[in-house]
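Input: a single structure, listed below in structure tokens.
Counting starts at 1 for both ligands and their atoms, following the listed order. Position 1 is the first residue of the sequence; numbering continues from there.
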Amino acid sequence: MGFPQGRLLLLPLLLLTGIQTGTSLEPINYTPAITREPLEGSITSSTFTLDQPNDQFNGSGISDLDDIWLVVAFSNASQSFEPPQSAQDIPYAATFLDKKYYLTIRASRDLYSSKRGSQGISVLRVGNETNCTRSDCNKPLPGPGPYRVKFLVMNTNGPVAGTNWSEDITLRKPVEFSESRPPSKSAGTIVIIAILSILLSLLFLALVALLVYTW
Ligand SMILES: *[C@@H]1O[C@H](CO)[C@@H](O)[C@H](O)[C@H]1NC(C)=O
Ligand SMILES: *[C@@H]1O[C@H](CO)[C@@H](O)[C@H](O)[C@H]1NC(C)=O
Ligand SMILES: *[C@@H]1O[C@H](CO)[C@@H](O)[C@H](O)[C@H]1NC(C)=O
Ligand SMILES: *[C@@H]1O[C@H](CO)[C@@H](O)[C@H](O)[C@H]1NC(C)=O
Ligand SMILES: *[C@@H]1O[C@H](CO)[C@@H](O)[C@H](O)[C@H]1NC(C)=O
């Protein structure tokens, strides 16, 4: 009986790929950054807009079929980020508050190419999918952060390459109408108050005149 030959041949192969995925990622010398395009609202209370990482994924280990994810992390958790070893392990936005990081905006390197010109997207708005129902949603961010982001390349065997982490990104505080702004009187209210007080003083004068007259 013994081992089927196929499995014997497979064993060293599995060991080899196991060792490969265990080693560190191929570094990509690129740091994601908030876009310098003159955009309205490049940072809001629940979104921020990055430059698209065009032409950065030409490393030898990266293929056209690989997924390029954006990793979003709370700044203080970025150092403890462990790249997911398989697609099943990918943390999504739904578990962000537990895991402290998630993957979103799946793309491939032909999308991140300057050759696409105006057809390709040139900025990425993180947090812009308010109504999304997919698991890998780009959901609105839950608070001011600060956050850090990096791009992570994954193939079917696991993570392949990654960029540097961005600088800290802090969102705007949401505008609160109830707080710190006393309700200001509108122009209409002021006019009505003025007219009423004039009428009241006229009435008062009339009363005084009547009083003097009857005296
Ligand atoms: C990425 O990080 C490495 C190591 O910290 C650094 O040497 C390199 O300058 C960084 N690249 C960019 C584009 O900032
Ligand atoms: C990848 O693209 C960058 C930016 O265009 C370039 O500087 C680098 O030499 C390229 N690397 C390879 C291996 O082609
Ligand atoms: C969110 O941004 C991405 C990339 O910029 C874009 O493709 C997508 O259409 C946007 N979605 C919404 C709902 O605006
Ligand atoms: C989100 O869903 C609501 C109700 O289903 C719809 O009215 C709204 O237009 C949607 N917004 C976007 C950005 O798709
Ligand atoms: C990390 O940062 C988040 C958001 O700013 C904060 O809620 C959390 O308490 C911080 N955790 C630690 C361990 O400092």
N155 side chain reached by S63 side chain, heavy atoms, under 4.5 Å: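 They are not in side-chain contact.
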Of the listed options D168, L97, N76, closest to atom 2 (O) of ligand 5 (non-hydrogen atoms): N76
Pick from I28, N29, T31: the one approaching atom 9 (O) of ligand 1 most closely through a non-hydrogen atom: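 Of the listed residues, N29 has the closest heavy atom.
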Rounded distance (nearest 0.5 Å) linking atom OG of S42 with atom CZ of R125: 8.0 Å
Sub-4.0 Å protein heavy atom near atom 4 (C) of ligand 1: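 No, because not a single protein heavy atom sits under 4.0 Å from atom 4 (C) of ligand 1.
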Heavy atom of protein inside 4.0 Å of atom 7 (O) of ligand 5, strictly below: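 So far as the 4.0 Å threshold goes, atom 7 (O) of ligand 5 is out of reach of every protein heavy atom.
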F74 and Y147 aromatic centres sub-6.0 Å: yes
Salt-bridge criterion met for R109 and D66 (N-O under 4.0 Å):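 The answer is no: the pair does not qualify as a salt bridge.
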Side-chain H-bond candidate by donor/acceptor type, T35 with D51, under 3.5 Å: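 Short answer, yes.
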Check: N164 N/O within less than 3.5 Å of ligand 1 N/O: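 Looking only at distances, the answer is yes, because the N/O contact criterion of under 3.5 Å is met.
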Under 4.0 Å to a heavy atom of F74 - the qualifying atoms of ligand 5, by number: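 Every atom of ligand 5 under 4.0 Å from some heavy atom of F74: 4 (C).
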